[in-house]
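Scroll down for the structure; my scribbles are underneath it.
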Amino acid sequence: MAPRTSSWPAWTNISSTDSCIKSADDWIEAHRKEDGADGLWRIHDGLYDLRRWINLHPGGPQWLEMTRGTDVTELFETYHVNAEAAARPLRNYYVRRATSPRTSPFTFEPDGFYNVLRSRVATELRSTGNGRAKSALVVDTCFLVALVLCVAVARTQHYTSALAAGVTLALGTVASHNFTHLADNWRMYYMELSFLSVREWRISHVLSHHVFTNTVQDLEMTLFYPFLHWFPTDDKPFTVRWAPYLTPVVYPFVLPGQFFIRTFKRKNDITNFLIFVIPTILFFCGSTTITIMCVCKLWLTMILTSSFVFTFLGLSVSHHFPNNFHDGDYVSTERIDWGLHQMETSAERNELIDNFFITMVTFGDHTLHHLFPSLDHSVILNLQDTFKYTCEEFGLDLTQKPFTTIVRGQFKQLVRITPKNPKKK
């Protein structure tokens, strides 16, 4: 059983922390029952009826369609860098106060770390803008190369070419992750080629992981249980506790696994048919002797390779360093600034190469991305000085760690069973 006990009492023994929650749809449905939104949208202690705003929403309708009936406080605060501008139309849709307190421990006080940093970033953006040409070039190049390699795979039927195509596909999928955070756009659907679903990803990654990082509400902490058990508890399976370096054996099956769970629960949508782009290329661009069985084998090789690389990069990027906060560790207060929580759950990575392409395809500049997920990655590069200055003002450590150290750290976290600074009985 995945642990239900949280560092915050309000999250202990509620349905969305249950170990049976294995899909994005289960998670969002649980929150509709718990968040006290009464079928509306909750922001702080106010309830809003945003149905007339759905098709007017600058970020696209999907965000509001998915979150109806839930508490979207953290999303509202972190996806609108200019909070005052976002609040103006919101007043027109106010219904009443919520009748129950928020279960989330996160705050956004005016003089807190996050709001101070956000106001400075908003000022910075007035002069730098928020274009996305550089990131679009990266992701388009990755998928163009991946599709060209697919044609080469079809022609040669070599598994080495399929491996290369799988790696390129994974890097492009990492880069396309940037676009799933932005307003609805066609580039976000690139990741469908790797068996991911944009709608499901936006729930499990954006609504869950980005908001509730490293907590029992973070689906990316619980989806892979018991194969990957990040919480500092002593109920870890022996395969994790005694042989953590063998856990990557599950990486090739993470993305296909999500597809099969989604299919079993009949939660696929029309965009999920994009997974057939690659086998179609393999079949119609191959020689006349290529068979359906050969296409399936080559396709499977590409997908398993892509899943391994994507999962490895995702789990090695920042969050699972043993010094980071993981739910179950001691917290000194039941309320915490959301930005400080993001700092406590991320390790600063020393980039191997100061190159935007490498940053895009390896989840680079990850802490800043978590703090401002609605900003294109090319914009984040311009915020480093403001970020460092504000962190110094609040006494926050930005010491960078080598990538190899963070990679090794995730395996140390897998075997950690003792909470940091446990309460004295």
Side-chain angles (χ1 to χ4, degrees), residues 132-180 185-198 200-201 248-260 262-263 268-314 316 352-353 355-364:
R132 63 182 71 170
K134 287 176 63 176
S135 54
L137 178 61
V138 170
V139 72
D140 290 347
T141 299
C142 283
F143 279 95
L144 177 61
V145 172
L147 294 179
V148 169
L149 286 172
C150 285
V151 175
V153 171
R155 293 290 186 182
T156 63
Q157 299 181 34
H158 288 168
Y159 286 94
T160 52
S161 299
L163 290 171
V167 171
T168 307
L169 182 63
L171 299 180
T173 302
V174 173
S176 68
H177 138 267
N178 170 70
F179 291 89
T180 65
N185 62 90
W186 62 269
R187 285 186 174 89
M188 66 185 183
Y189 292 108
Y190 277 142
M191 64 166 37
E192 301 267 359
L193 301 182
S194 296
F195 276 39
L196 286 166
S197 161
V198 169
E200 188 176 77
W201 172 264
V249 72
V250 307
Y251 293 0
F253 309 102
V254 168
L255 302 191
Q258 293 305 296
F259 168 74
F260 287 116
R262 187 167 66 246
T263 302
N268 283 309
D269 54 42
I270 190 66
T271 62
N272 298 150
F273 284 99
L274 289 171
I275 66 171
F276 296 110
V277 168
I278 290 177
T280 300
I281 291 174
L282 294 176
F283 184 77
F284 287 102
C285 294
S287 64
T288 55
T289 60
I290 197 168
T291 64
I292 294 294
M293 182 59 69
C294 182
V295 167
C296 290
K297 289 180 179 179
L298 293 168
W299 185 29
L300 183 62
T301 300
M302 293 175 60
I303 293 301
L304 294 181
T305 302
S306 177
S307 179
F308 180 91
V309 174
F310 180 86
T311 305
F312 170 76
L313 290 173
S316 304
L352 295 174
I353 303 174
N355 179 274
F356 181 69
F357 178 87
I358 300 298
T359 298
M360 276 284 293
V361 300
T362 61
F363 295 109

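What you see is a predicted model; the values in this text were computed from it and never measured.
Considering all non-hydrogen atoms of both residues, Met360 and Ser135 come closest at CE-CB, 3.6 Å. Taking both residues in full, the closest heavy atoms of Leu196 and Arg262 are given as C-NH2, 4.2 Å, listed atom of the first, atom of the second, then distance. Looking at every heavy atom in both residues, Met302 comes nearest to Ile278 through CE-CG2, 3.8 Å. Taking all atoms of both residues into account, the shortest heavy-atom contact from Pro279 to Ile275 is CD-O, 3.3 Å. Of all heavy-atom pairs between Phe310 and Val174, the closest is CD1-CG2, 3.6 Å. Here the closest heavy-atom approach between residue Leu282 and residue Ala154 is recorded as O-CB, 3.4 Å.
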Review item, side-chain donor-acceptor pairs of residues 165-173, under 3.5 Å, at least two apart:
{"residue": "Thr168", "atom": "OG1", "partner": "Ala164", "partner atom": "O", "Å": "2.9"}
{"residue": "Thr173", "atom": "OG1", "partner": "Leu169", "partner atom": "O", "Å": "2.8"}
{"residue": "Thr173", "atom": "OG1", "partner": "Ser194", "partner atom": "OG", "Å": "2.7"}

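The aromatic rings of Phe143 and Tyr190 sit parallel, their planes meeting at an angle under 30°, below the 60° perpendicular limit. Aromatic ring orientation, Phe259 versus Phe195: tilted (interplanar angle from 30° to 60°). Using the six-membered ring where Trp is involved, Phe363 and His177 have ring planes that are perpendicular, over 60° apart on the 30 and 60° scheme.
Using a distance-only test at 3.5 Å, with no hydrogens or angles considered, a donor-acceptor pair links the side chain of Ser316 to the main chain of Phe312. Asn185 places a side-chain N or O within donor-acceptor distance of the main-chain N or O of Phe179, the cut-off being under 3.5 Å. No side-chain donor-acceptor contact under 3.5 Å links Ser307 to the backbone of Ile303. No donor-acceptor pair closer than 3.5 Å links the side chain of Arg187 to the backbone N or O of Ser176.
Atom OG1 of Thr263 sits about 11.0 Å away from atom CD of Gln258, to the nearest 0.5 Å.
Residue pairs meeting the ring-ring contact (aromatic ring centres under 6.0 Å, His included) criterion with at least one partner in residues 148-168, sequence neighbours excluded, do not occur; the list is empty.
Legend: residues meeting side-chain hydrogen bond (donor to acceptor under 3.5 Å, both in side chains) with Glu192, ordered by chain and number and at least two apart, are Thr271, Asn272.
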